[in-house]
Amino acid sequence: MTREKRRKLVGLLFVLPGLISYLAWTLYPIIKSFIMSLYKWNINPNIPNKFIGLENYTQLFQDPKFYAALKNTIFYTLITVPGQMVFGFLVALLLNRKMKGQTLFRLLYYLPVITSWVIVSILFQYLFAARGGLVNFLLKDLLHIIQKDVPWLSNPKTAMIPIYTLGIWKGIGWSMLIFLAGLQGIPKQLYEAASLDGANSWQTTTKITLPLMVPTIMFELVMLTIGGFNVFLSVYVMTGGGPMGSTEVLSSYMFKEAFDYFHFGYGSAISVIFFIIVFTIAQIQRKLLAKRSLY
């Protein structure tokens, strides 16, 4: 065996575990979901699966619950993504300066990111509880903004607010970390030159920091958008999609159809459409990042 062939073999051996994992846990489920979406799939192995073609997709595009879940998913993304980015950027600007306890503050802001979604969802259930919840206590008894307790999670008009709040709060630390890495990559000489020219903090932020942070901002925007469309656990734990479907999102609706009602074919059709949406966003990511400008 030649030296070149040995190098290729060694490279293949290093790539093989990741390739097998990708085929087994990503590509195969996608193909299997598409196949299942063409059938009236039965969980009982003694009952044959019935091929129905695109009937599940026809039903899906006529399903008002699907469009309601899609709308909730889009609104969740539109609200939580800017919130995470704005607060994350402000925190990153603050922690990018030299200050006492800088490492501790970074750890505290990042702590929610590594905390389990289930735990923080249960915590927010208690915070937004109609009776005895901290939010109602602050708004009614302390600040006197409201006159009576708000049933946050049981009212269709307010049920998404705790979910939005949790999504923003939990994502600030991740956004902060990415923005902080981008900020530390900006040459200090640019700020020194601007200072010598008499530029103030606002001018250096708008004329130097923000333009040079565009690639980082674009990366965060697309990654957080993909994450927003994948929201599931917070909805599943806090409301279960209720009340009256007002907090149902694509992931929770797909889960219910497949594992609560055993409509595996229909649930698979939802997952295929879901995949197409996320894949489209990923392609937008690729194009946006390909066009990023470097200083």
Side-chain angles (χ1 to χ4, degrees), residues 1-39 41-43 45 49 56-57 69 73 76-77 80-81 84 110-121 167 170-171 173-178 181-182 215-216 218-237 249-260 262-290 292:
M1 182 181 293
T2 63
R3 182 177 180 182
E4 184 66 24
K5 288 184 177 180
R6 284 199 302 271
R7 289 180 60 188
K8 290 182 179 180
L9 180 60
V10 171
L12 179 62
L13 291 175
F14 276 107
V15 172
L16 197 58
L19 180 61
I20 294 174
S21 177
Y22 172 78
L23 294 174
W25 302 109
T26 303
L27 189 60
Y28 173 75
I30 292 172
I31 297 173
K32 187 66 174 180
S33 294
F34 177 71
I35 294 173
M36 290 176 65
S37 71
L38 304 177
Y39 286 82
W41 198 272
N42 292 294
I43 192 172
N49 301 312
N56 282 323
Y57 293 96
T73 306
Y76 176 87
T77 304
T80 60
V81 170
Q84 292 175 70
Y110 193 74
L111 196 59
V113 181
I114 59 176
T115 306
S116 166
W117 270 103
V118 175
I119 294 174
V120 294
S121 297
K170 199 173 189 305
W174 187 84
S175 297
M176 175 270 297
L177 189 67
I178 302 299
T216 305
M218 299 290 281
F219 171 78
E220 278 228 31
L221 176 63
V222 180
M223 295 302 294
L224 290 176
T225 301
I226 294 174
F229 269 88
N230 281 283
V231 59
F232 171 68
L233 272 176
S234 58
V235 173
Y236 185 74
V237 174
V249 292
L250 286 177
S251 295
S252 62
Y253 186 51
M254 174 182 65
F255 183 88
K256 280 185 179 180
E257 288 293 329
F259 298 104
D260 287 351
F262 301 109
H263 300 157
F264 289 101
Y266 190 64
S268 297
I270 298 174
S271 72
V272 170
I273 299 301
F274 196 5
F275 167 76
I276 292 173
I277 294 172
V278 175
F279 180 78
T280 302
I281 295 173
Q283 292 307 304
I284 295 173
Q285 172 196 16
R286 183 180 62 83
K287 291 183 179 181
L288 289 175
L289 294 179
R292 69 186 188 275

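Of the listed residues (N230, V249, V235), just one forms a side chain to side chain contact (heavy atoms under 4.5 Å, CB included) with T73, and that residue is V249. Checked options F255, W117, F274; the residue passing with F232 is F255 (criterion: ring-ring contact (aromatic ring centres under 6.0 Å, His included)).
For the atom pair F275 CZ and I30 CD1, the distance stands at 4.0 Å (nearest 0.5 Å). Of the inter-residue distances, the one linking S271 atom OG with Y253 atom OH reads 13.0 Å to the nearest 0.5 angstrom. The CZ atom of F229 lies 4.5 Å from the OG1 atom of T77; values are rounded to the nearest 0.5 Å. Rounding to the nearest 0.5 angstrom, the gap separating the CZ atom in F279 from the CD1 atom in I284 is 11.0 Å. The distance from atom NZ of K256 to atom NE2 of H263, rounded to the nearest 0.5 Å, is 13.5 Å. Interatomic distance, CG of L13 versus NZ of K8, reported as 14.5 Å (0.5 Å rounding).
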Fill in: Working for side chain to side chain contact (heavy atoms under 4.5 Å, CB included), residues L250 and I277
CA-CA 11 Å; L250 286 177; I277 294 172; 4.2 Å; yes
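By the 6.0 Å contact criterion, OH on Y28 is open, its count of non-hydrogen atoms from other residues, nucleotides or ligands being 12 or less. Within 6.0 Å of the OH atom in Y76, the count of heavy atoms belonging to other residues, nucleotides or ligands exceeds 12.
Here the closest heavy-atom approach between residue W174 and residue V113 is recorded as N-CG2, 3.3 Å. The two residues Y266 and N56 have their closest heavy-atom pair at CE1-O, 3.6 Å.
Looking at V231 and T80, their side chains never come closer than 4.5 Å, going by heavy atoms from C-beta outward. Side chains of F264 and F262 form a contact here, defined as non-hydrogen atoms less than 4.5 Å apart. Considering only heavy atoms from C-beta on, Y57 comes within 4.5 Å of L38 through its side chain.
When atom types are taken as modelled, the side chain of S33 and the backbone of P29 share a donor-acceptor pair closer than 3.5 angstrom. Using a distance-only test at 3.5 Å, with no hydrogens or angles considered, no donor-acceptor pair links the side chain of S268 to the main chain of M36.
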